[in-house]
> 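Submitted below is the structure of interest, expressed as C-alpha cells.
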Number of protein chains: 2
Amino acid sequence: MDDAPALPLDAETMAHEAENGHKAELRLWLRLLTLSNLIEAEIRRRLRERFDVTLPRFDLMAQLERAEEGMTLSEVSRRMMVSNGNVTGLVETLVASGHLERHQSPKDRRSQVIRLTALGRRDFARMAAEHQEWIASFFADLDEGEIERLMTLLGRAKASVRRAKGDTV
Amino acid sequence: MDDAPALPLDAETMAHEAENGHKAELRLWLRLLTLSNLIEAEIRRRLRERFDVTLPRFDLMAQLERAEEGMTLSEVSRRMMVSNGNVTGLVETLVASGHLERHQSPKDRRSQVIRLTALGRRDFARMAAEHQEWIASFFADLDEGEIERLMTLLGRAKASVRRAKGDTV
DNA sequence: GGTCGATATTTTAAGCTTAAAATATCTCAT
DNA sequence: ATGAGATATTTTAAGCTTAAAATATCGACC
C-alpha cells in the first residue's frame, strides 16, 4: 500500500496509453460499455415503439418461454440476475396484463410458480422474432469469423472478471 | 410481411445455431450484455462501498474532470448520452454535496456552466485512481494482443450497430 | 423591430432497480 | 419434536432514467 503509488510514468508505459491518457484496459471497458448501452437503448426504443413493452418485461417473459412448467420467482430472479423485489414488481404488472399466471407451489408454501399464459406465449413469440432480427441486423457487418472471435474473447474476458471479483473475497 | 416468416430451417442453418437454438448474433449480444452488466454491477458496488458514491455521479464528475472552464448542462448531457432532465437532477445533488459549482453563462442566459470544485477534483482523483485499478484487474487475464483484438472487434461492432440503427431512418 | 423555429433547462409522471427490513415457511441437527 | 439458521417473498425508501410538456432565451430572417 505504501510503495510509490504516483510515480511518473516511463516512456514505455506512456506509449501504451491512449490520446486521452487512459490505460488500455480502461479504454476497453469504455468501448464495451458504450457498445452495450448503444444496443440496449435501441432495443428499448424499438420494443416500446413496436410493442409498447419494456425491456425488463420482455426479459422476464424470455426466461419463462422454455419453462413449460413455470418457474419460481427466486429462480427467475437468479437467472435474470436482479433482486427478488424487482421480480415481484415485474410479475405484478405482467399478471395484470394477462401475460403471466401465478400459482402457489404445491411443494413449498413460501413459493409461487409463474408461467406464461397463452396470450403471453403468443405476444412473446411475436416480439422475440423481431428482436432476433434486430440483433442480427446490428451485427450484420461482422463476418462469421469475427463473431466467433468476439465470442471467444468476450468469454475470456468474462472469466477474467469473475476471477478478479472473487480475488477480493 | 407475407413471405414465409416461419419456414422450417435447413440443416446448414441449424448447424449455425447454438445449444439453446439462438442465432450466433443473439448469443453474441447476450454474452456482451452479461459481461457489461457484470462489470458495471461490480463497479457500482465498489463505488458505493468504498466512496459512498453512485456510478452516475462518478460519471458526471469524470466528464468535468478535464474541462478546466466547465461545461454547460447540455454538453454534459450529450457526452454522457443521457437526457437533460437526468443531468439536472445529478447536478442538483453534486452541487448540494459541494462537488460542483454552477454559474450563469455570460454569453447565453439560458445556459449554466458547471465545474468541479476543489473538493470535487480531490474526491474524484481519489476515486478515479482506484477505479482504474479495478478495471485493470478485471481484464488482467487478457494479454496485450487480446485487448487489442477486442478493441478492434468492438470498434467494428459499434460501426455496424450505428449503420444498422440508421438504416431504418 | 417583430416573429418563428431552435436550443437550454426544468418539471412531472411513470417505471426500473436496489438494499434492507419484515414475514412466512422450510430444513435439519439434536 | 423443536429450535436455529436458511430460503422465498414482499414491502419500503432512495435513487436513476426517460419522454413529454412547460419556460425562457436565442438567432435569424423579413
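Atom set for the values below is all heavy atoms of this structure, side chains included, hydrogens, waters and symmetry mates excluded. Order of the sequence lines fixes the chain letters, A, B, ..., with proteins taken first and strands second; residue numbering starts at 1 for each chain.
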> Between B:R79 and B:Q63, is there a side-chain donor-acceptor contact under 3.5 Å, judged purely by atom types and distance?
no
> Can you measure B:L60 atom CG to D:dC16 atom C1' for me and round it to whole angstrom units?
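From B:L60 CG to D:dC16 C1': 13 Å.
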> Would you say that more than 12 heavy atoms from the other residues, nucleotides or ligands in this model lie under 6.0 Å from the CD of A:Q104, or not?
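Result for CD/A:Q104: enclosed.
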> Collect all protein-nucleotide pairs involving nucleotides 17-20 of chain C in which both atoms are nitrogen or oxygen and the distance is under 3.5 Å.
from, atom 1, to, atom 2, distance (Å)
C:dT17, OP2, A:N86, OD1, 3.4
C:dT17, OP2, A:N86, ND2, 3.3
C:dT17, O5', A:N86, ND2, 3.1
C:dT18, OP2, A:S83, N, 2.9
C:dT18, OP2, A:S83, OG, 3.2
C:dT18, OP2, A:N86, ND2, 3.1
C:dA19, O3', B:R48, NH2, 3.3

> Can you name the side-chain hydrogen bond (donor to acceptor under 3.5 Å, both in side chains) partners of B:D59, sequence neighbours left out?
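By the side-chain hydrogen bond (donor to acceptor under 3.5 Å, both in side chains) rule, B:D59 matches no residue at all.
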> Aromatic contact between B:F58 and B:F124, with the criterion being ring centroids under 6.0 Å apart: yes or no?
yes
> If you measure from NE2 on B:H131 to CD1 on B:I135, what distance do you get to the nearest 0.5 Å?
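Those atoms lie 4.0 Å apart.
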> Could you check whether A:T54 gets within reach of a base, just the sugar-phosphate, or nothing at all, counting any heavy atom under 4.0 Å?
sugar-phosphate
> Of the residues in residues 93-115 of chain A, which ones touch DNA chain D at a heavy-atom distance under 4.0 Å?
A:R102, A:R110, A:S111, A:Q112
> Determine whether B:D141 and A:R163 make a side-chain contact, defined as any pair of heavy atoms from C-beta on separated by less than 4.5 Å.
yes
> Does a side-chain N or O of B:S74 approach OP1 or OP2 of C:dT7 to a distance below 4.0 Å, or not?
no
> Let me know the distance between CZ of A:R78 and C1' of D:dT9, rounded to the nearest Å.
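Atom-to-atom, A:R78 to D:dT9, this comes out as 13 Å.
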> Using atom CG of A:D52 as one end and atom P of C:dG15 as the other, report the distance to the nearest whole Å.
10 Å
> Is there a side-chain contact between A:F139 and B:L26, using heavy atoms and a 4.5 Å cut-off?
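A side-chain contact is absent here, since even the closest heavy-atom pair is not under 4.5 Å.
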> Distance check needed: C:dA8 P versus B:M71 CE, whole Å only.
12 Å
> Within the 4.5 Å heavy-atom criterion, are A:K158 and B:T34 side-chain neighbours or not?
yes
